[in-house]
> 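Just passing along the structure, written as structure tokens.
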Amino acid sequence: MEPIKNIKGTQDLLPQQAWKWHYIESVIRKMSETAGYREIRTPIFESTQLFKRGIGELTDVVSKEMYTFTDRGNTSLTLRPEMTASVMRSWIQNSLGQEGGVQKLYYAGPMFRAENVQKGRLRQFHQWGIELVGSPAAAADAEVILLMIRTLESFGLTNLKLKLNSVGDENCRPVYREILKDYFRPRLAELCPVCQGRFDSNPMRILDCKNETCKSVSAEAPKITDHLNEACQTHFDLVKTFLTKANIPFEIDPFLVRGLDYYTKTAFEVISTDLGSQNAVGGGGRYDLLIEQLGGKPTPSVGFAIGIERLLILLEERNLFKDLSPKGPDLFVATFSESHQTAIFPVVQNLRLAGIRTEMELIGRSIKAQMREADRLKAAYVLVVGDQELETQTVTLKKMADGSQTPVNLSELTDFFKRLA
RNA sequence: GUGGGCAUAGCUCAAUUGGUUAGAGCGCCAGAUUGUGGCUCUGGAGGUUGUGGGUUCAAUUCCCAUUGCUCACCCCA
């Protein structure tokens, strides 16, 4: 029989690793909630149309990376490749805007993209993200960026780089695109085939190309930051002012173009050199037009997402997991035979009911092997149950740290451990 | 979709210019005073060398194919 293996680009989270996720998730939740964000959970699959309309048909994510299938009713469904579109769908559908003010939402969960795998890039991966819905203010952008940076810092990460740009809005971006096309048109032949295709579909993406000749052609290209209209320019300047006042270093990158169509004005990305080629830990931006595109009332919003697996890689490589691994059991109960197990079983169950983490031998190994097991589990105490103990109703508790032994009456066992705590 | 690298025990890796029963460390199991862990010592289990073909007296080693993993392009988290 051939064993069945997991699907490429997915991974098992084994018990030895799970606590690291718990740790990351606890920090994420705490930081989000402290900043006033509330969790939202949406379905893992949605109607395909949601992502096509929200993210943009021409983006790589939608055109070639979605896990799309039809269900038995012949409806086209897609495993979510990101969550902003889902959250906005839910926001509209559940009239969250009716609650007034801004809605501050966060999420954490699995996303799916049918890409080729490499370091930091999986087919099922996890994102933590936040969405601040309903504010056009630069303060909102700044708040979002700050939450992302401060959270990464709270894990102990340093040497992260924040890249910032403005991609304009529906008024100035089309103008800039034409200026850009005018620049590239005479040099079109020098660009790589992919960028030649981008010339018509999305010329701004040429700026992002890593191809050396494309980079050199792009080097002198007009910058969006020189062609923002007044509203975008003012907004951008204000975001920079907020960040400067908060002592957040950033680097303006006029070539930062993110791959999702819905961004307007602010776009940002946090990168780290420890990640290999996929160096973005997280990114985000403002999306003032998205809700309208999805059929809601025009609502300016801003958000980010970070990749949890990438964060995990960083924490591993910089050795930032403090020893948060779970403690061993309070007590390991060793037995000689099934009859001893039968006798002590109710005691073990009562200890657990009292909140004392108790393990009992289940495969009938020798006492020596059970001691080794208790040691491996990092049990604080061990007690051995044999005929003597059952006859006298008194057990000897061995403290594993120093080997000292204490006699305890069986009826006082629970109290003994409660006093320790 | 395209390229490079790798594939030997549960894990990390050895195996001389192709040469005989493919090894080690860790882990696992058992023992070293009859009912007591860590350290030490002894023994044991565990491999169709990813799979299929080819060259050869002989292949873990060379060649071809295939699958998987990995890194990279692209794009993103």
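Below, read A as the first sequence line, B as the second, and so on, with proteins coming before strands; counting in each chain starts at 1.
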> Does A/Arg357 use its side chain to pair, donor to acceptor, with the backbone of A/Gly328 at less than 3.5 Å?
yes
> Stacking between B/rG35 and A/Phe336, yes or no? Criterion: centroid separation under 5.5 angstrom, plane angle under 30 degrees.
no
> I'd like to know whether CD of A/Glu170 has more than 12 heavy-atom contacts from other residues, nucleotides or ligands below 6.0 angstrom.
yes
> Does the ring of A/Phe236 carry A/Lys240 above it, NZ/CZ under 6.0 angstrom from centre and within 45° of its axis?
yes
> Checking contacts here: which listed nucleotide (B/rA72, B/rG35, B/rA77) is nearest the side-chain heavy atoms of A/Gln127?
B/rA77
> For RNA chain B, which ranges pair as stems of 3 or more consecutive Watson-Crick or G-U pairs, with both donor-acceptor distances under 3.5 Å?
B:1-7 with B:67-73, B:10-13 with B:23-26, B:28-32 with B:40-44, B:50-54 with B:62-66
> Checking A/Phe112 against A/Ile44 for the side-chain contact (heavy atoms from CB on, under 4.5 Å) test, could you report, in this order, the C-alpha distance in whole Å, the side-chain angles of both residues, the deciding distance, and whether it holds?
CA-CA 9 Å; A/Phe112 306 84; A/Ile44 285 186; 3.4 Å; yes
> Considering every strand and a 4.0 Å limit on heavy-atom distances, what is the contact class for A/Ala369: base, sugar-phosphate, or nothing?
sugar-phosphate
> Does the B/rC28 base have a donor-acceptor partner in the side chain of A/Glu373 within less than 3.5 Å?
no
> Is any side-chain nitrogen or oxygen of A/Lys64 closer than 4.0 Å to OP1 or OP2 of B/rG1?
no
> Report the C-alpha distance between A/Arg38 and A/Glu33 in whole Å, list the side-chain angles of each, state the deciding distance to 0.1 Å, and finish with yes or no for salt bridge (Lys or Arg N to Asp or Glu O under 4.0 Å).
CA-CA 6 Å; A/Arg38 297 178 301 158; A/Glu33 284 165 16; over 6 Å; no
> Run A/Tyr106 and A/Arg29 through side chain to side chain donor-acceptor pair (under 3.5 Å) and show every step you take.
CA-CA 9 Å; A/Tyr106 82 91; A/Arg29 288 181 192 286; 3.2 Å; yes
> If you only use heavy atoms from C-beta on, which nucleotide in B/rG38, B/rG1, B/rU36 is closest to the side chain of A/Asn116?
B/rG1
> With sugar-phosphate meaning primed atoms plus P, OP1 and OP2, does A/Arg121 contact a base, only sugar-phosphate, or nothing at under 4.0 Å between heavy atoms?
base
> What's the gap between B/rG44 and B/rA9 when it is taken at their C1' atoms, as a whole Å value?
14 Å
> What's the gap between B/rA22 and B/rA14 when it is taken at their C1' atoms, as a whole Å value?
10 Å
> Report which part of the nucleic acid A/Leu122 touches: base, sugar-phosphate, or nothing (heavy-atom distance under 4.0 Å, all strands).
base
> Counting only side-chain N and O atoms of A/Gln278, is one of them less than 4.0 Å from OP1 or OP2 of B/rA77?
no
> NA contact type, A/Ala374, heavy-atom cut-off 4.0 Å: base, sugar-phosphate, or nothing?
nothing
> Within the structure shown, what part of the strands sits under 4.0 Å from A/Gln124 by heavy-atom distance: base, sugar-phosphate, or nothing?
nothing
> Please classify the nucleic acid contact of A/Val281 as base, sugar-phosphate, or nothing, using heavy-atom distances under 4.0 Å.
sugar-phosphate
> Check whether any side-chain nitrogen or oxygen of A/Ser277 sits under 4.0 Å from OP1 or OP2 of B/rC71, and answer yes or no.
no
> Can you check whether A/Lys368 has a side-chain N or O nearer than 4.0 Å to OP1 or OP2 of B/rG37?
yes
> Is the base of B/rG37 touched by the side chain of A/Lys398 through a donor-acceptor pair closer than 3.5 angstrom?
yes
> Would you say B/rU36 has OP1 or OP2 under 4.0 Å from some side-chain N or O of A/Gln370?
no
> Is the side chain of A/Arg173 donor-acceptor paired with the backbone N or O of A/Val167 at a distance under 3.5 Å, no angle test?
yes
> Phosphate oxygens OP1/OP2 of B/rC28: is one of them under 4.0 Å from a side-chain N or O of A/Arg376?
yes
> Picking from B/rA72, B/rU36, B/rG37, which would you name as closest to the side chain of A/Gln118?
B/rA72
> Which of these nucleotides, B/rA77, B/rG38, B/rG35, is closest to any side-chain atom of A/Gln388?
B/rG35
> At under 4.0 Å between heavy atoms, what does A/Gly403 touch on the DNA or RNA strands: base, sugar-phosphate, or nothing?
base
> Distance under 6.0 Å and angle within 45° of the ring axis: does A/Lys181 meet both against A/Phe199?
yes
